[in-house]
Protein chains: 2
Amino acid sequence: MNLELMQSKCVEVSAIMKAIAHPQRLMLMCHLAEGEKNVSELLDLCEISQSQLSQFLNRMQREKLLKVRRDGNFSYYSIADKNITKLIQSMQKIFCKEE
Amino acid sequence: MNLELMQSKCVEVSAIMKAIAHPQRLMLMCHLAEGEKNVSELLDLCEISQSQLSQFLNRMQREKLLKVRRDGNFSYYSIADKNITKLIQSMQKIFCKEE
DNA sequence: TTGTAATATCGTAATATCAATAACCAAGGA
DNA sequence: TCCTTGGTTATTGATATTACGATATTACAA
């Protein structure tokens, strides 16, 4: 792999890292790695205020990590790209393996 | 996996993410994933000023991502934990596979 | 003394965090 | 229709953290 390509990949991937690099945002991503969830499900799963949850989901959507599907009153969020799901899953494999 | 354990893992892992979440720091980690390198080797490999390189290496060492071995004038940096090497490698596998 | 390797500090600009609060909108009574 | 509620989004402001160039410093070898 040449250096130029490597650098452009690093720009792209570090932006994803940055969007995930927060305890609660990572937690959200871990839950979403298991499949689509709506906002109140996420609110129950994570200890987080509604306002922050909304901000975090919004931010990760803006940065193309998440996509939304609206159904009546509910917004269902899911991971936008299967590479990101893979990333979360390998992080779980590496850091959360049972001892 | 219970929620409490999951949360504490997320705190730990998101701190690692945060330390890596920068184009040039990620680039450094990718080079270091191949093995120990000294500072001038890294300076040649990455387009980065000496002052920033020093700051970045220092920061990632402080946050336990890197370790240093000094040999005369040279400081050799390497990744401090094999889980972090694994993480970098799986990121490379996911995002840098050749098409 | 000059060059190489590395570290430390400073100041400014840019970002991020987070709580509080307001706004929006659709559905369901009264 | 008006009013309320539930679910969600947007805005603001105070505070903290980062980024990064400039500059100074330490250490040692040729």
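Order of the sequence lines fixes the chain letters, A, B, ..., with proteins taken first and strands second; residue numbering starts at 1 for each chain. All heavy atoms count here, side chains included; hydrogens, waters and symmetry mates do not.
Contact detail for A:K67 and A:I79: the closest heavy-atom pair is NZ-O, 3.9 Å. Heavy-atom minimum distance, A:C46 versus A:M27: SG-CG, 3.9 Å. Annotation for A:C10 and B:L26: closest pair O-CD2, 3.6 Å, computed over non-hydrogen atoms.
Atoms OH (A:Y76) and C1' (D:dT8) sit 14 Å apart, rounded to a whole Å. The CZ-C1' distance, from A:F56 to D:dA10, rounds to 16 Å in whole Å. Look at CG on B:L43: it is 9 Å from P on C:dA5, rounded to the nearest Å. Per the geometry, NZ belonging to A:K37 stands 18 Å off P belonging to D:dG7, to the nearest Å. Between A:D71 atom CG and D:dG6 atom C1' the separation is 15 Å, expressed in whole Å. As a whole-Å value, the separation of A:L53 CG from C:dT17 P is 14 Å. Rounded to whole Å, the distance from CZ on B:R69 to C1' on C:dA6 is 16 Å. Residue B:M60 contributes atom CE, which lies 16 Å from atom C1' of C:dA6 at whole-angstrom precision.
Dashed line: the shortest gap from a side-chain N or O of B:K18 to OP1 or OP2 of D:dT17 is not under 4.0 Å. Between B:Q52 and D:dA19, a side-chain N or O to OP1/OP2 separation shorter than 4.0 Å is absent. Within the structure, every side-chain polar atom (N or O) of A:R70 is placed at least 4.0 Å from both OP1 and OP2 of C:dA26.
When hydrophobic side chains of Ile, Leu, Val, Met, Phe, Trp and Tyr are connected at separations under 4.5 Å, B:F74 ends up clustered with B:Y76.
Relative to the side chain of A:H22, the nucleotides D:dA19, D:dT8, C:dC18 differ in distance, and C:dC18 lies closest. When distances run from any side-chain atom of A:N38 to the nucleotides D:dT17, C:dA16, D:dT8, the shortest one goes to D:dT8. For B:V39, taking side-chain heavy atoms from C-beta onward, the closest of the listed nucleotides C:dA6, C:dT15, C:dC18 is C:dA6. For B:S49, the side-chain atoms get nearest to D:dG21 when compared with the rest of C:dA6, C:dC18, D:dG21. Distances from the side chain of B:S40 to the nucleotides D:dA19, C:dA6, C:dA16 place C:dA6 closest. Each of D:dT8, C:dA6, D:dA19 was ranked by its minimum atom distance to the side chain of A:F74; first place goes to D:dT8.
In this structure, the side chain of A:Q24 engages the main chain of A:E47 through a donor-acceptor pair within 3.5 Å. Put simply, the side chain of B:E63 never gets that close to the backbone of B:M60: no donor and acceptor are under 3.5 Å apart. In terms of modelled atom types and a separation under 3.5 Å, the side chain of B:Q52 and the main chain of B:S49 share no donor-acceptor contact. In this structure, the side chain of A:S54 does not engage the main chain of A:S51 through any donor-acceptor pair within 3.5 Å. Side chain of B:R69 to backbone of B:S75: no donor-acceptor contact under 3.5 angstrom is found.
No path of Ile, Leu, Val, Met, Phe, Trp and Tyr side chains, each step under 4.5 Å between heavy atoms, connects A:L45 with A:L66, placing them in separate hydrophobic clusters.
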Between the protein and nucleotides 8-12 of chain C, are there any N/O to N/O pairs under 3.5 Å, and if so, what are the atom names and distances?
unit_1	atom_1	unit_2	atom_2	d
C:dA8	OP2	B:N58	ND2	3.4
C:dT9	O4	B:Q55	NE2	3.1

Quick one: which protein N/O atoms are closer than 3.5 Å to N/O atoms of nucleotides 28-30 of chain D? Pair and distance per line, please.
none

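Looking at heavy-atom distances under 4.0 Å, A:Y77 makes contact with sugar-phosphate atoms alone, never a base.
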